[in-house]
Protein chains: 2
Amino acid sequence: MPRARSSETRERIQAAALELFAAKGVQQTSLREIAERLGVTKPALYYHFASREELVRSLVRPLVDEVEALLAADEARESVDPRALLAGYFDATYRHRRITLMIVRELVTLSYLDLGERIADWRWRLIALLTGPDAPLDAQARAIVAVGGMGDCMVFFADRPVEELRPATLNAAYAALGLPLIGD
Amino acid sequence: MPRARSSETRERIQAAALELFAAKGVQQTSLREIAERLGVTKPALYYHFASREELVRSLVRPLVDEVEALLAADEARESVDPRALLAGYFDATYRHRRITLMIVRELVTLSYLDLGERIADWRWRLIALLTGPDAPLDAQARAIVAVGGMGDCMVFFADRPVEELRPATLNAAYAALGLPLIGD
DNA sequence: GTCTATATACCGATAGAC
DNA sequence: GTCTATCGGTATATAGAC
């Protein structure tokens with residue numbers, strides 16, 4: 001019977017799947033390919049994951065849980081430090097950057113998960129936290145640019161060490177929001 | 001014989017395809033669905049397009065040509081006005097916003113086209129135009145945030161009239177780059 | 001826990017009649 | 001220019017042996 005707890009093989013499947021998903025895309029990767037890379041057969045995967053969808057979902061869950069927790073924590077506060085919030089968001093997505101990248105690049109393909117609405121929801125909650133409720137469009141746009149741009153930096157500067165990438169990315173987000181930069 | 005010139009039906013196919021692609025994604029839309037929406041059969045599509053790929057390519061071409069021309073024009077100049085460049089880029093992508101959205105959300109899925117490299121290439125050329133060559137990472141990140149954020153604004157404020165959206169979006173991009181805002 | 005073998009379905013694309 | 005019919009391929013998923 002499939003156990004929710006980690007079996008050795010289960011984690012090997014997840015690792016192989018993530019690698020292939022990152023390389024060729026989720027929808028473009030079949031269970032046969034995942035199985036072949038591990039030297040097992042397709043039905044073996046079904047012992048560990050009830051369906052293809054559940055496999056994808058298991059990969060996405062850590063990131064989703066972490067960002068949800070981050071947002072909930074700040075929403076519970078009565079005052080928000082925008083710079084700390086942006087930094088926390090960067091750190092969470094950077095920690096799971098392969099999955100973040102996979103999600104961002106395949107929002108449509110992954111629409112069978114609740115991810116599309118979920119990520120849009122994150123954005124609106126981040127805007128509310130960063131600008132306050134009912135901010136004018138101009139301020140909202142600057143928050144969208146700040147948050148979205150951070151994701152783009154992770155994509156385009158994927159080869160840079162995080163010690164360089166993190167301050168550069170956060171500074172760009174601060175600038176978009178009109179906040180003082182780190183160097184200043 | 002299939003004509004390159006517009007036939008009535010050819011354009012109806014493109015319109016139906018674009019609508020379905022925007023709603024459910026490119027890879028998730030089959031030729032059968034496109035044909036059914038038009039009340040014709042699948043092989044009828046093959047009279048107008050040699051393959052599925054050619055159909056997709058025909059939809060993408062107007063945007064690609066326009067952005068390429070925009071970049072080439074500015075690259076030929078000896079001095080660049082960043083605000084004009086950003087505005088031109090906004091206008092081009094807004095004019096073809098359904099296709100832009102489709103491409104951005106499915107970069108991986110559309111990898112069989114040259115789009116992945118092409119769009120990454122656009123970004124680097126925009127960075128070079130906006131920051132000059134060999135700019136430090138900090139400046140490059142701000143350019144990435146500015147350009148990428150504009151796309152995000154188009155997604156998240158898709159319901160706003162362009163008279164509001166355009167200045168708000170451009171202002172956010174200017175802020176990311178540290179340029180003076182429109183209102184100032 | 002992993003295998004062989006297979007059920008079922010849909011895909012893109014082509015052949016050839018009208 | 002559109003049709004019917006079909007090919008060859010691949011997909012997810014399952015049944016049942018070991």
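Keep in mind that the numbers below use all heavy atoms, side chains included, and drop hydrogens, waters and symmetry copies. Computed from a predicted structure; not experimentally measured. Throughout, a chain's letter reflects where its sequence line sits, starting with A, and its residues are numbered from 1.
Applying the side-chain hydrogen bond (donor to acceptor under 3.5 Å, both in side chains) criterion to A/Glu68, with sequence neighbours excluded, gives A/Arg118, A/Trp122, A/Arg125. Applying the side-chain hydrogen bond (donor to acceptor under 3.5 Å, both in side chains) rule to B/Glu36 yields the partners B/Arg32; only residues at least two apart in sequence or on another chain are considered.
The stretch residues 20-30 of chain A comes close to DNA chain D through A/Ser30, each having a heavy atom under 4.0 Å from the strand.
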Where protein sits on nucleotides 13-18 of chain D, one letter per nucleotide: B base, S sugar-phosphate only, - none, heavy atoms under 4.0 Å: BB----

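Sorted by first then second residue, the salt bridge (charged side-chain N to carboxylate O under 4.0 Å, His left out) pairs that include residues 40-54 of chain B, not counting sequence neighbours, are B/Glu53-B/Arg57. Evaluation of the salt bridge (charged side-chain N to carboxylate O under 4.0 Å, His left out) test over residues 140-154 of chain A, restricted to residues two or more places apart or in two chains, returns A/Asp152-B/Arg123. Listed by first and then second residue, the salt bridge (charged side-chain N to carboxylate O under 4.0 Å, His left out) pairs that reach into residues 94-105 of chain B are B/Glu66-B/Arg95, sequence neighbours excluded.
Between B/Thr41 and the phosphate of D/dA5, there is no side-chain N or O to OP1/OP2 separation shorter than 4.0 Å. Between C/dG12 and B/Arg32, no contact under 4.0 Å exists linking OP1 or OP2 to a side-chain N or O. The phosphate of C/dT2 (OP1 or OP2) has no side-chain N or O of A/Tyr47 nearer than 4.0 angstrom.
Atoms CD (B/Glu8) and C1' (D/dT2) sit 15 Å apart, rounded to a whole Å. Put simply, NE2 on B/His48 is 16 Å from C1' on C/dA13, counting in whole angstrom units. What separates CD of A/Glu36 from P of D/dT10 is a distance of 11 Å, to the nearest Å. Going from atom CD1 of A/Ile13 over to atom C1' of C/dG1 covers 11 Å, rounded to whole Å. Protein atom CG of A/Leu55 is 11 Å distant from nucleotide atom P of D/dT12, rounded to whole Å.
Residues A/Leu101 and A/Met154 are not in side-chain contact: their nearest non-hydrogen atoms beyond the backbone lie 4.5 Å or more apart.
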Sequence neighbours left out, cut at 3.5 Å: what donor-acceptor pairs do the side chains of residues 82-93 of chain A make with other protein atoms?
from	atom 1	to	atom 2	distance (Å)
A/Arg83	NH1	A/Pro180	O	2.5
A/Asp91	OD1	A/Arg166	NH1	2.6
A/Asp91	OD2	A/Arg166	NH1	2.7
A/Thr93	OG1	A/Tyr89	O	2.9
A/Thr93	OG1	A/Phe90	O	3.1

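With side-chain heavy atoms closer than 4.5 Å counting as contact, directly or through intermediates, the hydrophobic cluster containing B/Val145 also holds A/Val145.
At a cut-off of 3.5 Å, with distance as the only test, no side-chain donor of B/Glu106 or A/Thr109 sits close to an acceptor on the other residue.
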